[in-house]
Asker: 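The structure is given below, and queries will be raised subsequently.
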Amino acid sequence: MKKRHPVRRTICVLLILILLAVLSAGIYYGSRGYKMYQDAVSQMSVADRVGNIRAQEHFTRYSEMTDFYIEAVISVEDRRFREHKGIDPIALCRALWTDVKTMSFKEGGSTITQQLAKNLLFTQEKSIERKAAEVFAVMDLEKEYSKEEIFELYVNMACFGNGYEGIYDAAAGYFEKLPAELTDYEAAVLAGVPNAPSVYAPGTDEALASMRVRQVLRSMVRNDVITQAQMDGML
């Protein structure tokens with residue numbers, strides 16, 4: 001009987017150990033994440049939290065936003081938002097690969113639904129447990145609410161800098177307009193702010209804000225929402 005090469009045998013053992021380690025970590029953080037999610041909803045249910053957001057005086061419905069603003073947010077934040085079930089495997093794998101290369105935990109690969117879950121239920125602290133907890137929250141959100149409802153909840157809770165919370169306050173505060181009255185360029189400006197409000201908010205750093213608007217518009221061109229000519233006409 002032919003003996004297995006020692007190097008090959010060692011590699012097989014290492015692969016098995018790695019798989020067991022990944023499985024163990026998944027079970028460990030999955031259970032802790034589930035507990036974190038259960039703790040959050042035991043304090044106040046998702047339905048009650050959503051009800052509180054919708055009860056706010058200037059809650060803005062999906063139908064009260066311009067199509068351009070909606071498409072700008074989706075293009076720059078989560079271009080497969082309408083197709084995925086709350087978790088985008090492609091964006092997640094890309095983010096994980098970036099984290100591995102940089103040895104950091106900066107890239108989250110978060111979808112709009114994940115960002116809503118974080119804002120609705122958890123703190124902004126980055127941890128593996130919280131990312132696991134987000135998964136359980138996302139499954140419930142995607143089951144109970146439509147994509148339009150998830151989108152409107154997200155932009156009504158988003159931080160736009162300078163104390164503005166939600167798209168209504170941002171449109172009124174920066175442009176003295178209702179969300180439905182925003183020009184396409186103004187909509188692109190606000191679509192890019194929540195990614196880093198302290199950096200991209202109008203009036204903070206005009207060079208960086210302008211760069212962010214270009215990023216938003218380029219994402220819309222890549223996703224065939226607008227043409228290059230339309231983008232050039234706005235700049």
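All heavy atoms count here, side chains included; hydrogens, waters and symmetry mates do not. What you are looking at is a predicted structure, and each value in this text was computed from that prediction instead of being measured.
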Asker: For E71 and F68, indicate whether the former's side chain and the latter's backbone hold a donor-acceptor pair under 3.5 Å.
Answerer: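 No; judged by distance alone, with no hydrogens or angles, the pair does not exist.
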Asker: Please tell me whether D39 and S42 have a donor and an acceptor in their side chains that are separated by less than 3.5 angstrom.
Answerer: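 No pair is found: no donor N or O on one side chain lies under 3.5 Å from an acceptor on the other.
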Asker: So does D67 have more than 12 non-hydrogen atoms from other groups sitting under 6.0 Å from CG?
Answerer: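 Count not over threshold, so no.
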Asker: Do you know the tightest heavy-atom contact between V193 and P202?
Answerer: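 For V193 and P202, the tightest heavy-atom pair comes out as CG2-CD, 4.0 Å.
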Asker: Can you hop from M139 to L141 via hydrophobic side chains spaced under 4.5 Å?
Answerer: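 Yes; L141 is reachable from M139 via cluster members.
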Asker: According to a 4.5 Å side-chain heavy-atom criterion applied to Ile, Leu, Val, Met, Phe, Trp and Tyr, with indirect links allowed, do Y185 and F175 form part of one hydrophobic cluster?
Answerer: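 Yes, one cluster joins them.
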Asker: To the nearest 0.5 Å, what is the distance between CE (M157) and CD1 (I167)?
Answerer: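 Reported value, rounded in 0.5 Å steps: 15.0 Å.
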Asker: With rounding to the nearest 0.5 angstrom, report the CZ to CG distance, R79 to D224.
Answerer: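 Output value for this atom pair is 10.5 Å.
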Asker: Would you call the rings of Y174 and Y164 parallel, tilted or perpendicular, taking 30° and 60° as the class edges?
Answerer: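 Answer is perpendicular, since the angle exceeds 60°.
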Asker: Does the pair V199 and T204 meet the rule for a side chain to side chain contact (heavy atoms under 4.5 Å, CB included), with working shown?
Answerer: CA-CA 6 Å; V199 176; T204 301; 5.9 Å; no
Asker: Tell me, do V225 and S219 make a side-chain contact under 4.5 Å, heavy atoms counted?
Answerer: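 No; the side chains remain at least 4.5 Å from each other.
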Asker: If I compare all heavy atoms of T123 with all of K118, which pair ends up nearest, and what's the gap?
Answerer: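 Smallest interatomic distance, heavy atoms only, reads O-CG, 3.7 Å.
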Asker: side-chain hydrogen bond (donor to acceptor under 3.5 Å, both in side chains) between D140 and Y145: does it pass, once the steps are laid out?
Answerer: CA-CA 8 Å; D140 280 350; Y145 301 97; over 6 Å; no
Asker: What closest approach, in Å, do D88 and H84 show between heavy atoms, and which atom pair accounts for it?
Answerer: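 Taking D88 first and H84 second, the nearest heavy atoms are CB-CD2, 3.9 Å.
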Asker: Given salt bridge (Lys or Arg N to Asp or Glu O under 4.0 Å), test E134 with K131 step by step and report yes or no.
Answerer: CA-CA 5 Å; E134 279 180 16; K131 296 301 290 186; 3.4 Å; yes
Asker: If only side-chain N and O atoms count, and only distance matters, is there a donor-acceptor pair under 3.5 Å linking Y154 with Q115?
Answerer: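 Result is yes, a qualifying pair exists.
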Asker: Find out if a path of hydrophobic residues (ILVMFWY) with successive side-chain heavy-atom gaps under 4.5 Å connects V155 to Y168.
Answerer: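 Each belongs to a different hydrophobic cluster.
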Asker: Write down the atom of L217, the atom of A188, and the distance for their closest heavy-atom approach.
Answerer: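 For L217 versus A188, the nearest heavy atoms are CD2-CB, 3.9 Å.
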Asker: Among T111, I112, L116, which residue meets the side-chain contact (heavy atoms from CB on, under 4.5 Å) test with Q114?
Answerer: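 Result for side-chain contact (heavy atoms from CB on, under 4.5 Å) with Q114: T111.
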Asker: Let's go through H58 and E165 carefully: what are the C-alpha distance in whole Å and the side-chain angles of both, what is the deciding distance for side chain to side chain contact (heavy atoms under 4.5 Å, CB included) to 0.1 Å, and is it a yes or a no?
Answerer: CA-CA 10 Å; H58 296 304; E165 298 288 336; over 6 Å; no
Asker: Could you check whether R212 makes a cation-pi contact with Y200, meaning its NZ or CZ is under 6.0 Å from the centre of the six-membered ring and within 45° of the ring axis?
Answerer: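 Flagged: R212 positioned over aromatic ring of Y200.
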Asker: Are the charged groups of E186 and K177 less than 4.0 angstrom apart, N to O?
Answerer: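 A salt bridge is present here (some side-chain N lies under 4.0 Å from a carboxylate O).
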Asker: Identify the two heavy atoms, one from P197 and one from C159, that lie closest to each other, and give their separation to 0.1 Å.
Answerer: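 Reported closest heavy-atom pair: CG-O, 3.3 Å.
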Asker: Can we say E129 and R32 salt-bridge, meaning some charged N sits less than 4.0 Å from an Asp/Glu carboxylate O?
Answerer: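 Salt bridge between E129 and R32, a charged N being under 4.0 Å from a carboxylate O: yes.
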Asker: Once you round to the nearest 0.5 Å, how far does CG of D184 lie from OG1 of T66?
Answerer: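 So the gap between those two atoms works out to 6.5 Å.
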Asker: Is it the case that E152 and T60 place a side-chain donor and acceptor less than 3.5 Å from each other?
Answerer: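 Absent: no donor and acceptor within the cut-off.
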Asker: Taking it one step at a time, do F59 and L153 satisfy side chain to side chain contact (heavy atoms under 4.5 Å, CB included)?
Answerer: CA-CA 9 Å; F59 182 81; L153 287 166; 4.2 Å; yes
Asker: So does Y34 have more than 12 non-hydrogen atoms from other groups sitting under 6.0 Å from OH?
Answerer: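 Not buried by this count: 12 neighbours or fewer within 6.0 Å.
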Asker: Set out, in order, the CA-CA distance, both residues' side-chain angles and the distance that settles side chain to side chain contact (heavy atoms under 4.5 Å, CB included) for V189 and L182, then state yes or no.
Answerer: CA-CA 10 Å; V189 169; L182 293 171; over 6 Å; no
Asker: Please tell me whether M234 and M220 are part of a single hydrophobic cluster in this structure, the criterion being side-chain heavy atoms less than 4.5 Å apart.
Answerer: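 Yes: a chain of side-chain contacts under 4.5 Å links M234 to M220.
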Asker: Does any N or O in the side chain of E206 come within less than 3.5 Å of the main-chain N or O of G203, such that one atom is a donor and the other an acceptor?
Answerer: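 Between the backbone of G203 and the side chain of E206 there is a qualifying donor-acceptor contact (under 3.5 Å).
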Asker: Does the side chain of E64 come within less than 4.5 Å of R61's, by heavy atoms?
Answerer: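 In short, these two side chains touch, coming nearer than 4.5 Å.
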Asker: Can you say whether the rings of F151 and Y69 are parallel (under 30°), tilted (30 to 60°) or perpendicular (over 60°)?
Answerer: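 Rings of F151 and Y69: perpendicular, as their planes differ by over 60°.
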Asker: Do M44 and V41 come close enough that some side-chain heavy atom pair is under 4.5 Å?
Answerer: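 No, their side chains stay 4.5 Å or more apart.
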Asker: With side chains defined as the heavy atoms from C-beta onward, is the minimum distance between E181 and E176 less than 4.5 Å?
Answerer: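 Side chain of E181 against side chain of E176, heavy atoms only: no contact under 4.5 Å found.
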Asker: Just wondering, are more than 12 heavy atoms of other shown residues or ligands nearer than 6.0 Å to CZ in R214?
Answerer: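 At most 12 heavy atoms, drawn from other residues, nucleotides or ligands, come within 6.0 Å of this atom.
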Asker: Report whether L178 and V73 are members of the same hydrophobic cluster (ILVMFWY, side-chain heavy atoms less than 4.5 Å apart, transitive linking).
Answerer: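 No, no single cluster joins them.
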Asker: Using a 3.5 Å distance criterion without hydrogens, assess whether the side chain of R82 forms a donor-acceptor pair with backbone atoms of K147.
Answerer: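 No; judged by distance alone, with no hydrogens or angles, the pair does not exist.
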Asker: Measure the CD1-OG distance between I70 and S75 for me, rounded to the nearest 0.5 Å.
Answerer: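 The OG atom of S75 is 11.5 Å from CD1 of I70, to the nearest 0.5 Å.
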Asker: Should E149 and K143 count as an ion pair when the cut-off is N to O under 4.0 Å?
Answerer: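 Judged by the 4.0 Å cut-off on N to carboxylate O distance, E149 and K143 do not form a salt bridge.
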Asker: What heavy-atom pair brings A191 and P194 nearest, and what distance separates the two atoms?
Answerer: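 The answer is O-CD, 3.8 Å.
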Asker: Taking CD in Q228 as the centre, count heavy atoms belonging to other residues, nucleotides or ligands within less than 6.0 Å. Is the count above 12?
Answerer: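 Result for CD/Q228: enclosed.
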Asker: Report the distance from atom OG1 of T113 to atom CD1 of I150, rounding to the nearest 0.5 Å.
Answerer: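 The OG1 atom of T113 sits 4.0 Å away from the CD1 atom of I150.
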Asker: Rounded to the nearest 0.5 Å, what's the gap from CG on L121 to CZ on R49? Could you check?
Answerer: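 Going from CG on L121 over to CZ on R49, the span is 5.0 Å.
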